Number of protein chains: 2
Amino acid sequence: MSCHQELKDKGYRMTPQRSMILDVLHQAEKHITPEEIHKQVCARFPEVNKSTIYRTLDLLKKLDMVDEADLGGNKLYYHHSDKGHHHHLICQNCGRTIEIEEEAFNPLKDMLKDKYNFSPDIRHLAIFGQCVNCT
Amino acid sequence: MSCHQELKDKGYRMTPQRSMILDVLHQAEKHITPEEIHKQVCARFPEVNKSTIYRTLDLLKKLDMVDEADLGGNKLYYHHSDKGHHHHLICQNCGRTIEIEEEAFNPLKDMLKDKYNFSPDIRHLAIFGQCVNCT
DNA sequence: GTGACTGCAAACGCTTTGCAATTGA
DNA sequence: TCAATTGCAAAGCGTTTGCAGTCAC
């Protein structure tokens, strides 16, 4: 798990808390909230404080080691950035989320650049709607 | 201002508070937050409670008289729905927001439908990035 | 008159912060 | 050793809620 080393290399300390947060992020199959990270970490190592979760996520975000996704609602979601950027289709009916690869948005990016002179930074995009099962 | 009548027709009461909230929404040039609505309403009619703003916005949303936009961050933005759906390009550097018309996203919609069997409900989309001045 | 509406105050959920105690290098 | 990191408790922010009083119809 090289990201443990990565933290050290950048001059930060490796603590059990940070190690476990990294592990949880690593094992997570999809985006998780600070709340979920906290729950999972506490299952293994009781009494890690929530503010530690938040501070660690801030740090990892600053170091580009996690991606932060605002999927709507009032929560933020995080995932390991080595899992690549991608986007989400979220069914407003059943809640299913479909991941789509970043490249699918290249035509959109080009259009925004050509027509609006705008360079989009599309790391996460949440698009709401209806999935097949629900239409 | 027919939306005042519209409320009545649907069986709701017209109060000074609701009237002013509608006016503020009407005069707003762009999306505004409940906070801003509150400030503007209070400038004319002191002491309208914030919960009234929230409850009125909920009502108007239910009646499809306002659109709610989650532009990221922890705030919600509102605007009169008769101003039409549109999207936003938000410069992460200078904060400028550029409105773009809904039709610009038709190719994207078609792609999501064809490739992912997903029917997007794209009423508001916020795309972050860099505007011309900031690149 | 009466139920829809408002103001108030308290609580919510998620996140941030100041500070003293702890701990990794 | 000693600055970086943590836990704790409190506060921040935008929003929601229960309730008693008021007001549009």
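Basis for what follows: all heavy atoms, side chains included, without hydrogens, waters or symmetry-related copies. Here the structure is a predicted model, which means the values were calculated and not measured.
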DNA chain D: 5'-proximal contact among B:Y78 and B:M14 (nearest heavy atom)
B:Y78
Where each residue is assigned the nucleotide of DNA chain D containing its nearest heavy atom, which of B:N49 and B:Y12 is assigned the position nearer the 5′ end?
B:N49
Could you tell me whether [X] contacts a base, only the sugar-phosphate backbone, or nothing, with contacts defined as non-hydrogen atoms closer than 4.0 Å?
{"X": "A:E35", "value": "nothing"}
{"X": "A:E47", "value": "sugar-phosphate"}
{"X": "B:S51", "value": "base"}

Within the 4.5 Å heavy-atom criterion, are [X] and [Y] side-chain neighbours or not?
{"X": "B:L60", "Y": "B:L25", "answer": "yes"}
{"X": "A:R18", "Y": "A:L59", "answer": "yes"}
{"X": "B:R44", "Y": "B:V24", "answer": "yes"}

Round to the nearest Å and state the distance from [X] atom [atom1] to [N] atom [atom2].
{"X": "B:K50", "N": "C:dA10", "atom1": "NZ", "atom2": "P", "result": "16 Å"}
{"X": "A:L7", "N": "D:dT6", "atom1": "CG", "atom2": "C1'", "result": "15 Å"}
{"X": "B:D9", "N": "D:dC25", "atom1": "CG", "atom2": "P", "result": "12 Å"}
{"X": "B:E36", "N": "D:dG14", "atom1": "CD", "atom2": "P", "result": "11 Å"}
{"X": "A:I21", "N": "D:dG7", "atom1": "CD1", "atom2": "C1'", "result": "13 Å"}
{"X": "B:N74", "N": "C:dT16", "atom1": "CG", "atom2": "C1'", "result": "11 Å"}
{"X": "A:H4", "N": "C:dA25", "atom1": "NE2", "atom2": "P", "result": "12 Å"}
{"X": "B:K62", "N": "C:dA4", "atom1": "NZ", "atom2": "P", "result": "11 Å"}

Side chains of A:D23 and A:Q27, donor plus acceptor under 3.5 Å:
no
Where the side chain of [X] is defined as all heavy atoms beyond and including C-beta, which of [options] is the nearest nucleotide?
{"X": "A:K75", "options": "D:dT15, C:dA25, C:dC14", "answer": "C:dC14"}
{"X": "B:T15", "options": "C:dT15, C:dG24, C:dT6", "answer": "C:dT6"}
{"X": "A:Y54", "options": "C:dG24, C:dT15, D:dT15", "answer": "C:dT15"}
{"X": "B:Q17", "options": "D:dT15, C:dT15, C:dG7", "answer": "C:dG7"}

Going by modelled atom types, is there a donor-acceptor pair between the base of C:dG24 and the side chain of A:R18 at under 3.5 Å?
no
Counting distance alone, no hydrogens or angles: does the base of C:dA25 have a donor or acceptor under 3.5 Å from a partner atom on the side chain of A:R13?
no
For A:K61, give me all partners under side chain to side chain donor-acceptor pair (under 3.5 Å), at least two apart in sequence or on another chain.
A:E68
Short side-chain N/O contact from A:T52 to OP1 or OP2 of D:dG7, under 4.0 Å:
yes
Bend angle of the helix from C:dG1-D:dC25 to C:dA25-D:dT1, from helix axes over five pairs at each end, nearest 10°
20°
May I have the list of side-chain donor-acceptor pairs in residues 100-109 of chain B shorter than 3.5 Å, sequence neighbours left out?
unit_1	atom_1	unit_2	atom_2	d
B:E101	OE1	A:Y116	OH	3.0
B:E101	OE2	A:Y116	OH	3.4

Can you tell whether the side chains of B:E35 and B:K39 come within less than 4.0 Å, N to carboxylate O?
no
Closest to the 5' end of DNA chain C, once B:R55 and A:K8 are matched to their nearest nucleotides, is B:R55
For the backbone of A:V48 and the side chain of A:H38, can you confirm whether one donor and one acceptor N or O come within less than 3.5 Å of each other?
yes
